[in-house]
Amino acid sequence: MGIEKPEDRSQKSVTPPNPPLGKGGHGGGNLSVNIASLKLKNPVMTASGTFGYGEEYSEFFDLNRLGAVVVKGLSITPRQGNPTPRIVETPAGMLNAIGLQNIGVRAFIKEKLPFLRQFRTPVIVNFFGDRIDEYIQAAEELSNADGVHAIEMNISCPNKQAGWIVFGTDPKIMEQVVTAVRKTTNLPLIVKLSPNVTDIGLMAKVAENSGADAVSLINTITGMVVDVKRRRPVLANNTGGLSGPAVRPIAVRMVWEVYKAVKIPIIGMGGIMNASDALEFLIAGARAVAVGTANFVNPTATIEIIEGMERFLKEEGLSDINEIIGSLKIGS
Amino acid sequence: MGIEKPEDRSQKSVTPPNPPLGKGGHGGGNLSVNIASLKLKNPVMTASGTFGYGEEYSEFFDLNRLGAVVVKGLSITPRQGNPTPRIVETPAGMLNAIGLQNIGVRAFIKEKLPFLRQFRTPVIVNFFGDRIDEYIQAAEELSNADGVHAIEMNISCPNKQAGWIVFGTDPKIMEQVVTAVRKTTNLPLIVKLSPNVTDIGLMAKVAENSGADAVSLINTITGMVVDVKRRRPVLANNTGGLSGPAVRPIAVRMVWEVYKAVKIPIIGMGGIMNASDALEFLIAGARAVAVGTANFVNPTATIEIIEGMERFLKEEGLSDINEIIGSLKIGS
Amino acid sequence: MPKNFKANITENILLNEHFRLLNLSPLSDIIVPEPGQFYMLRTGDTYDPLLKRPFSIFRHEDNTLKFLYRIRGKGTLSLSNLKSGDIIDVIGPLGNSYSAPEGDFIAIAGGIGIASLLPLLRRFKKRAYLFYGARNKDELIMLNEARSLSKEIFITTDDGSEGEKGLITDSLSDFLNPSRITHYALPIYACGPTPMLKELSKVVAEYPSSLLPLNKGRMGGVKCYVSLEEHMACGVGACLGCVVKTVSGYKRVCKEGPVFDIEEIVWE
Amino acid sequence: MPKNFKANITENILLNEHFRLLNLSPLSDIIVPEPGQFYMLRTGDTYDPLLKRPFSIFRHEDNTLKFLYRIRGKGTLSLSNLKSGDIIDVIGPLGNSYSAPEGDFIAIAGGIGIASLLPLLRRFKKRAYLFYGARNKDELIMLNEARSLSKEIFITTDDGSEGEKGLITDSLSDFLNPSRITHYALPIYACGPTPMLKELSKVVAEYPSSLLPLNKGRMGGVKCYVSLEEHMACGVGACLGCVVKTVSGYKRVCKEGPVFDIEEIVWE
Ligand SMILES: Cc1cc2nc3c(=O)[nH]c(=O)nc-3n(C[C@H](O)[C@H](O)[C@H](O)COP(=O)(O)OP(=O)(O)OC[C@H]3O[C@@H](n4cnc5c(N)ncnc54)[C@H](O)[C@@H]3O)c2cc1C
Ligand SMILES: Cc1cc2nc3c(=O)[nH]c(=O)nc-3n(C[C@H](O)[C@H](O)[C@H](O)COP(=O)(O)OP(=O)(O)OC[C@H]3O[C@@H](n4cnc5c(N)ncnc54)[C@H](O)[C@@H]3O)c2cc1C
Ligand SMILES: Cc1cc2nc3c(=O)[nH]c(=O)nc-3n(C[C@H](O)[C@H](O)[C@H](O)COP(=O)(O)O)c2cc1C
Ligand SMILES: Cc1cc2nc3c(=O)[nH]c(=O)nc-3n(C[C@H](O)[C@H](O)[C@H](O)COP(=O)(O)O)c2cc1C
Ligand code: FES
Ligand code: FES
C-alpha cells in the first residue's frame, strides 16, 4: 500500500501568474507539474549556486527546455564570499564553502534578469540574509522585479550565520523569518530546508504553517576535510557543505519524511546525477527536482534527465509524471 | 593557533582495571592511548556490527594487534533482525538495515567471550535496548562478565525504536538512559552518538554530564534508496544506515564539534578506509578511531591503518601519537 | 595462507555481449577451492563501486582461478573494464560447498548458475543429468563443456531458441515422473535465480514420499541442495547482511551457505 | 558546436614515471583552442573521482587534442588508467588565452607549466627567452621541443641535475639586470606553481620603472601575464569555486582567467 495521500496536497492555485510555459514532453507523456501557482513544463530545475545566473550554461543548451532556472543565492547587499580553497572533492561528493558570494539583489535585477527574461522558463530566485530585515528587503525587491516567478529562501546555508543564529535549524527562528517574508510577497514562496537537523519533517511543517507554498531540500550537509600534513582543514572556511551522489540516500530519505509531514509540494535535490536518481525523489514524494553538482560533471545533465523521464513514462506505459509522485509503496 | 585544549581532557584515571596490554608500535613512536581507564596499545578499534564477535576476521590477522575489538550490538534478549534485503550499495557507501540481529547478552558471554578472552586486546561490548530497563539489565550482566573491558551504549541506532522514542536524538531521554546505565556499571562507559541530530556537540555534552567516560561517533546516517521500477525502497526495512567513505567529511566535522564541546575522550569513526583518513579524525580531536565498512572491503584494513600510523609518526618525526590528537589548526 | 590476497589478472575474456571469463593468477599461496565455494572480488580501485562482489569459483587449474561472470550492474561493469596486468584484491575461498553425490545426480542450472555447478560436473564427470535453462540461446554460456561433462543434458530457454521452450522446472517435473522411479531418488544440486529455486522447492515437495524407494522421512523424499544468492557486504560472516530465512532462523548465505538443503529454506 | 563533447582516447602515452601525454580524437566538431586555454576532462566512469579535472591544451593538430599531464592524485591516476579506445567526456576550450606578444617575449615555465606555454612558443617560434625550471632533470619534460622553439633557453633545477641549481626567478632576475636594458621591456608569460608566480611578482615589482624605455605607469613597468591554478568544480564560471583575489575583488580563474595580468593579483 502506498503512503496515504493527504487530501489537499495538490496545487493551491491553478491560475499561473505568468503565461503558460509551453507543453510538457515530446515523448507523449505529460511532464508538467505545478509548484503552488507555478506551472512547470517539466519537473527539472537547477539547484541554486550550481548554475550561476544562467548565462554560463546557456552556452551548452537551450534554457527554454528547463522546468525552471534557480539562480545563485542573493542578498540585499553584495557579498565577496570566502577565501580559497573553497572546494574540495570527497568520495562521490564535494564540499563547498563559497561563502555566498553574490552581486546583490539590485545588480541581479539590473544586470542578470534581462538575460533570463528572454526565456520561456520560470526564474526562481534564491535569497538569504543575515537578519530578518535583510530577508524582508530582498524578498520585497525581488517581488517587484519583472521576470521573477518564485522566490526560494535559503535559511539553511551552513556557511553564514547571524551571530549564533542558524535560521534553518531552530523551529522558532525559522517560523519568525518565514512568517515575515510571507507577508511581504505574493510570489510563490519556497523555503529551502537544511538537512543538518534532527527532524526535517518538523521543520517542513513549521515552514508550511508559516505560509510557505513549497519546501525544497536538501541543502548541503556540513562537513570537513583535514589536510593531514598541514594539520589544517583543507577549506579556508574550515567546514563546507557536502553535495553530490554521496548524500543522495540521505536526501531521498528526508524527502520521504517531509512528504509524510506536509501537504505543500516538495522540490527534492541532493546528488541527482541522472533520470533514475531524479525518479527516486519523485517516487519518494517530490513534485519537482533540482540538479546541482551534476551540472559540474555534465553540463547537459538536466536535459538528459528530462529526456530520461520521458523515456521512463513511455517504458512504464504512463501518461503523466504526476502519477508517480509520492507513489512509493512501503511495507510488504 | 590550535583549538584550546580544555584542561582535564586527559584520561580520568591511569590505573587500568586490566593488566597493561602490551607496548605500542614497533616503528619506535608510541601509539598507545587511553580511553578513560582503558589503555589501548594503539588507537585503532573495530566498529560495532562490522566485525561480528571477532571470530570471522581472526582468520585474517592476529586480533592481538588491534587497539580494541568492539563487537556487534547486543540486547538482553536475542533478536532475529530485519528481513532481506538488508544492505544496498550507494555511491562510495552502503546502507544497512540489519535490524540489530544478535544472539543476546547471555549467549554472547557463554559462547563468544571465551574466544575473545584468548587475546591481549580489550573487548568493548556494544549494547542497546528498547527500554531503559533493558539497557540497565544488559549493562549489569556485561559488567559482571569476565573479559569485558568497556561497554558502548548504542543509543543511536536508527533501525529500532521504542515506540516513537529515539534515545539518541532527544537530549532528555538520552540523559535518563545514560544516567541509569552509569549507576549500574564501573566499566568505562562509552556512549555512541547518533549523527541524525541538529547539534551533536550538545548531545555529547549531555552524555558527558550524565556520566559517560567517552563518546563514540558517528553511528550511521539514516538513508533510503528507491527501486524505481518497483516503486519500493530497496531495503525491506525501507530505510537503513549510511556508512563508508561517503559520510567521512560529515563524521570528521562532527568529531571536531564534539571535541570543542566536551572534555571526555572521543572515539571517531565514519568512512575510515586508510591511515590518512584515521589521522583526519585524530587531528580533529578523536583519541581513538573505529574502522567499520572498510573491513568489508579489505579484511586487513585495521592492521594497515596501524602500520600507516607508525609510518606517519616516523615521517613527521613525532614520538607519540598523542601529540597529534586535537592538533587541528584553524583560522589563518 | 590468509584468505585475502592480491591476484594478477591474466585474462578478462569477452565471451559474448553479456558474459566474461576472468582468469586470476594469485600473487601468494592460496587455499584450494571446492565446488560451490565463492570469492569476493574487488572490481576497481576507487570507492565507487565500494564493496567487493561475490563470484563462484568456475575453475581452478594450474594455479589460476577462473570466474565466469555476467555483466549486470555497476560492479560487474567495472570488473569488465579491468585488463590483463591489473592487480585486484580477492577474498576466498568462502562459504561451504556442494556435498559429494554418491552416484548419479541431477544438476539444475539457471543462467549464470552454471558457473557454480560446472566444478561439480567436472569432478563427477558424466554422472549428472543436467537441466540447463536460460532466457535464450545466447545466454546458454559454456554449453559445450556442460554437455560433454553430463550424462544427459536437458535444455530449456524462455523463447525456445534452443532446447525446449519453457521452464526448467517443468522439464524436471517430467523427468521425475513416477514411472521413471529410479530418477527421483537422485540427489539434486541447483543454482540459479531465486524464483527458479522457489519453483524447484515446490516440485521437490510435491513428490509423494510413498513412491520413493527409501523414504527417510524427508519432505517429498528428494534430497535437494540449492546455492543461494543474497546481497553481500563482507562475504565472511561478519556483517549479517546476507541472511536467508530458514526453519531454524536467519542463516548467513556467505557462511552457513551458499549451499543449503532446500528443506531448510523458508521461501517468502 | 557545443563546448561539451565526447572524445575517443587515441593514445595515453607514458612519458616517464610522472608524466603522460593524452591524445583525444573528438567525436564531434570542436572549437579551435587558443594558447593558454584549458579543458575539463572526466577521468573515469564512476562517481569517485567525481569532478572533471582542468588541463591546459598542450597541442591541437590534425583534429587531435593533446594534453600533457603529471600524475598527482586520484584524478590524474584514474586518467592514467584509461586506454586507447576509451571514450571520455570533455568540456572546452575554456577560459581566456595569452595575449599575442608583439615581438620577442619572456616565457617562464615551472614544471608542468610548460604544457600551457608550449602552444604559445609554437605559435611564435624562436621569439621566446624561455626560463624553464623543475625539481630535477627527469621533470624537465618536453625539453627538446621547448629548446627548439625558443630563441634562448635558461634551465634551472632544484637539485642542479640539469642547468643552473636554484630558483627560476633568480635566473630571471639576472637576465633582467639593468645593464641589459632591452630585456626588461619584454612582456613576460608565466605558468607554474603559485609560490613561483608569487616570487615572480616580486621580481617584476622590484624593477625601477625609471629605467624602462617606456614607462606606462605600470608597477615596475614590466608587462607580465600569469596563468593561475585553483581547485575547480565546474570550469565554466558557474560555481564560484575557483576564484582568485584581485585588486578588483574575487575573479574566477576558469572564466576571467586562467591568464591574469600579474598586477591584478593580490598575493596572500
Ligand atoms: C555466492 C554467490 C556466487 C555468485 N556467483 C556468480 C558467478 O559465478 N557469476 C556471476 O556472474 N554472478 C555471480 N553472482 C552474482 C553476482 O555477485 C552479482 O551479479 C553481482 O554482485 C552484481 O553486481 P553489480 O554491481 O554488477 O550489479 P548491481 O548493479 O549492484 O546489481 C545488480 C543485481 O545484482 C545483485 N547484487 C548486487 N550486489 C550484490 C552483492 N553484493 N551480492 C549479491 N548480489 C548482488 C542484486 O540482486 C542486483 O539486483 C554470485 C552471487 C553470490 C551471492
Ligand atoms: C587551468 C588549469 C590548467 C591546468 N593544466 C594542467 C596541465 O596541462 N597538466 C597537468 O598535469 N596539470 C594541469 N593542471 C593541474 C591539474 O588540474 C591537477 O594536477 C589535477 O586536477 C590534480 O587532480 P588529482 O585528482 O590527480 O589530484 P588531487 O589528489 O585531487 O590533488 C592533488 C593536487 O591537485 C590540485 N587539484 C585537485 N583538484 C583540482 C581541481 N579540480 N582543480 C585544480 N586543481 C586541483 C590540488 O592543489 C591538490 O593539492 C591545471 C590546472 C588548472 C587550474
Ligand atoms: C558550489 C555550490 C554552491 C551552492 N550555493 C547555494 C546557494 O547559494 N544557495 C542555496 O540555497 N544552495 C546552494 N547550494 C546547494 C545546492 O543548491 C543543493 O541544495 C545541494 O548542492 C544539493 O544538491 P546536489 O547534490 O545536486 O548538488 C550550493 C551548492 C554547491 C555545490
Ligand atoms: C553492517 C553494519 C552493522 C552495524 N551494526 C551496528 C551495531 O550493532 N551497533 C552500533 O552501534 N553500530 C553499528 N553499526 C555502525 C558502525 O559501528 C559505524 O558506526 C558506522 O558504520 C560508521 O563507520 P564506517 O563508515 O567505518 O562503517 C553498523 C554498521 C554496519 C555497516
Ligand atoms: S555478507 Fe556479511 S555476513 Fe554474509
Ligand atoms: S570552477 Fe566553477 S567558477 Fe570556476
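Atoms considered below: every heavy atom in the structure, side chains included; atoms not considered: hydrogens, waters and symmetry mates.
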Side chain / backbone / both / neither for C/Asn4 at chain B, heavy atoms under 4.5 Å: both

Heavy-atom proximity to chain B below 4.5 Å, by part of C/Met232: backbone

Where do B/Phe296 and C/Lys52 land on the side-chain contact (heavy atoms from CB on, under 4.5 Å) test, with the steps shown first? CA-CA 8 Å; B/Phe296 307 157; C/Lys52 288 188 161 95; over 6 Å; no

So for B/Phe61, is it side chain, backbone, both, or neither that comes closer than 4.5 Å to the heavy atoms of chain C?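 When you check distances to chain C, no heavy atom of B/Phe61 falls under 4.5 Å.
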
Non-hydrogen atoms of chain C under 4.5 Å away: do they reach the side chain of B/Thr293, the backbone, both or neither? side chain

More than 12 heavy atoms from other groups under 6.0 Å of NZ on B/Lys110: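 Open: at most 12 neighbouring heavy atoms sit under 6.0 Å from NZ of B/Lys110.
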
Within 6.0 Å of CD in C/Glu17, more than 12 heavy atoms from elsewhere: no

How close do C/Glu230 and B/Thr84 get, counting heavy atoms only, and between which atoms? OE2-OG1, 3.3 Å

Do you know the tightest heavy-atom contact between C/Lys3 and B/Phe60? CB-CE2, 3.5 Å

Closer than 4.0 angstrom, basic N to acidic O: yes or no for C/Arg252 and B/Glu56? yes

Min side-chain heavy-atom separation C/Leu50-B/Met273 under 4.5 Å: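 A side-chain contact under 4.5 Å exists here.
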
Are the side chains of B/Tyr57 and C/Cys234 in touch, meaning some heavy atoms are under 4.5 Å apart?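 Side-chain contact under 4.5 Å: yes.
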
Just by distance, do the side chain of B/Arg86 and the backbone of C/Cys242 share a donor-acceptor pair under 3.5 Å? no

Do side-chain atoms of B/Glu89 reach the backbone of C/Leu51 as a donor and acceptor pair under 3.5 angstrom? yes

With a 4.5 Å cut-off on heavy-atom pairs, point out which of B/Gly81, B/Pro83, B/Gly54 contacts chain C the most.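 Ranked by heavy-atom pairs under 4.5 Å with chain C, first place is B/Pro83.
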
Top residue by heavy-atom pair count (under 4.5 Å) with chain B, among C/Val243, C/Val244, C/Ile91?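 So the answer, after comparing C/Val243, C/Val244, C/Ile91, is C/Val243.
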
Does B/Phe51 form a side-chain contact (heavy atoms from CB on, under 4.5 Å) with C/Cys239? I'd like the steps, not just the answer. CA-CA 7 Å; B/Phe51 206 71; C/Cys239 75; over 6 Å; no

